[in-house]
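Below, chains carry the letters A, B, ... as their sequence lines are ordered, and counting in each starts from 1.
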Number of protein chains: 2
Amino acid sequence: MYTVVEENYLKALSTLANTGDEVSINDLSKRLKIKMPTVNSMMKRFAEKELITYESYKPVRLTAKGKKEAAMVIRKHRLTEMFLVEKMDFNWEEVHEIAEQIEHIKSPLFFEKMDALLGYPKFDPHGSPIPDKNGNVIATAYVPLSQCSVQEEVTLKAVSDSSEAFLRFLNGRSILLGDQLRVLAKEQFDGSMQVEVAGKSTEMFSQLICDKLMVQKI
Amino acid sequence: MYTVVEENYLKALSTLANTGDEVSINDLSKRLKIKMPTVNSMMKRFAEKELITYESYKPVRLTAKGKKEAAMVIRKHRLTEMFLVEKMDFNWEEVHEIAEQIEHIKSPLFFEKMDALLGYPKFDPHGSPIPDKNGNVIATAYVPLSQCSVQEEVTLKAVSDSSEAFLRFLNGRSILLGDQLRVLAKEQFDGSMQVEVAGKSTEMFSQLICDKLMVQKI
DNA sequence: AGCTATTGTTAGAGTTGTCTAACAATATAT
DNA sequence: ATATATTGTTAGACAACTCTAACAATAGCT
Ligand SMILES: [Mn+2]
Ligand SMILES: [Mn+2]
Ligand SMILES: [Mn+2]
Ligand SMILES: [Mn+2]
């Protein structure tokens, strides 16, 4: 059984490992908002527990065991978010912070019940895939909208930022997962885009926004 | 905001204060399964925070503030138990341990949603009253079955032990809250009782059991 | 290649919450 | 009333997790 703190480190490691497997102490430190020396000593303890491989002055790397444990925490987080939205009438912008806490509840039965009541969902309310009980995740081929070219038509499938602030921004423009997006124009200078949303409205998005909108080409 | 540990101490203090207001360090220590010196130093910190009044070598006493804070934790615990039973298909013997964890979730909205979805329940699945948002609790006049005399007819209103083991004992005999109980005989030597349950079966209960069955005289 | 900025490490300290061992005060029993 | 048992306190230690200050290694830049 892992502590709350360990579980949060595991989750951060897994998220940051997405491209390339390697995670620098510095990135971890920034993501967790915990100072580097603290992260460094925790990584040594993680190496002891065989959750990562660690060599001085090199980025760390989750072991198979570490990946599995991280997936289990992510599974609990995403199941919780889905439960809060589907069964407790929460809005998608309200659930991340609560799930951040409930993901640490020690009760396999509790999460099994959630899973069953939800009908074994495959995605959370932000479009991220929910790992199965073995830690396997459905592969998705989403790319950020910022990587799309002019005139491309895509479907909004997920958001890579579940913060209340960002989701309120989308709510304010009635933008939902599943919406069809068409890139009308792209400003080379700052990466901002003019986008037609669901055939209805037209929006200007800064690059920061476009990086957070994960889409699938049609 | 209080820590998980502080909240657990508060809850234990409140439970033990039920008769007489005073709580000994020793009783707290036993209830929490934490050694006396640890409890002692925590009580000094509680006194600093004005949650209790503390004088050397005397039992401690919750302040008004301490009582209020304890009631809020108890409220969250009992709402959670009710939610688990009513909305997540748990049995009454499965919920206490999970509620012991969820009661510490930091999100007023989460518990408000629970309360609303449940229709503002007044009692938890074990018959204990749920404090309201101001910390007020419905007064109940339940007594343990062990205090009843022969031929008395009473209604089972609550259990004072929510452990899985005890509730399984009741499940095995199909005993439910609301059942009518009639005392057929009482053994002076060991305090055991012969009881007719809901006009159907007849059971022998040891004093240990009779102490845990909280009843209301008809 | 050599300077500089960034990243990583070591050392030392603080807080929270736990323990054991030893001692002190209070309560209980003869 | 005195001895004994119980309860409470002090002292000192330890694990987990955090920090700052100082230093070392690596990477990036002329
Ligand atoms: Mn989330
Ligand atoms: Mn978390
Ligand atoms: Mn309970
Ligand atoms: Mn608890």
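Taking atom CG on Leu28(A) and atom C1' on dC17(D), their separation rounds to 15 Å, with Å as the unit. Summarising the geometry, the separation between CG on Leu32(B) and P on dC19(C) is reported as 10 Å, rounded to the nearest angstrom. Atoms NZ (Lys58(B)) and C1' (dA24(C)) sit 17 Å apart, rounded to a whole Å. Following rounding to the nearest Å, Ile25(A) (CD1) and dG8(C) (P) show an atom-to-atom distance of 6 Å. If you take OH of Tyr9(B) and P of dT16(C), they are 13 Å apart, rounded to a whole angstrom. For the pair Glu6(B) CD and dT15(C) C1', the computed distance is 12 Å after rounding to whole Å. Taking atom CD1 on Ile34(B) and atom P on dC19(C), their separation rounds to 6 Å, with Å as the unit. Distance, Lys33(B) NZ to dC19(C) C1': 17 Å, rounded to whole Å.
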Begin from the C-alpha positions of Glu97(A) and Glu164(A) and carry the test side-chain contact (heavy atoms from CB on, under 4.5 Å) through to its verdict. CA-CA 9 Å; Glu97(A) 283 309 312; Glu164(A) 196 156 344; 5.7 Å; no

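For Glu6(A) and Arg45(A), the salt-bridge test passes: some basic side-chain N is under 4.0 Å from an acidic carboxylate O. Comment: Glu50(B) does not engage Lys65(B) in a salt bridge, judged by the lack of any side-chain N to carboxylate O separation of less than 4.0 angstrom. The pair Glu152(B)-Lys186(B) does not meet the salt-bridge criterion, since no charged nitrogen lies less than 4.0 angstrom from a carboxylate oxygen.
Candidate nucleotides dT7(C), dA25(D), dG8(D) were compared by shortest atom distance to the side chain of Tyr57(A), and dA25(D) ranks first. Side chain of Lys35(A), nearest nucleotide from dG8(C), dC19(D), dG8(D): dC19(D).
His77(A) and Asp124(A) share no donor-acceptor pair across their side chains, judged by distance under 3.5 Å alone.
Taking Lys44(A) as the reference, nothing meets the salt bridge (charged side-chain N to carboxylate O under 4.0 Å, His left out) condition, with sequence neighbours excluded. Residues passing the salt bridge (charged side-chain N to carboxylate O under 4.0 Å, His left out) test with Asp115(B), sequence neighbours excluded: Arg75(B).
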Using nucleotides 10-16 of chain D, report all nitrogen or oxygen pairs with the protein that are shorter than 3.5 Å.
| unit_1 | atom_1 | unit_2 | atom_2 | d |
| --- | --- | --- | --- | --- |
| dT10(D) | OP2 | Lys44(B) | NZ | 2.2 |

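For dC19(C), one of the phosphate oxygens OP1 or OP2 lies less than 4.0 angstrom from a side-chain nitrogen or oxygen of Thr38(B).
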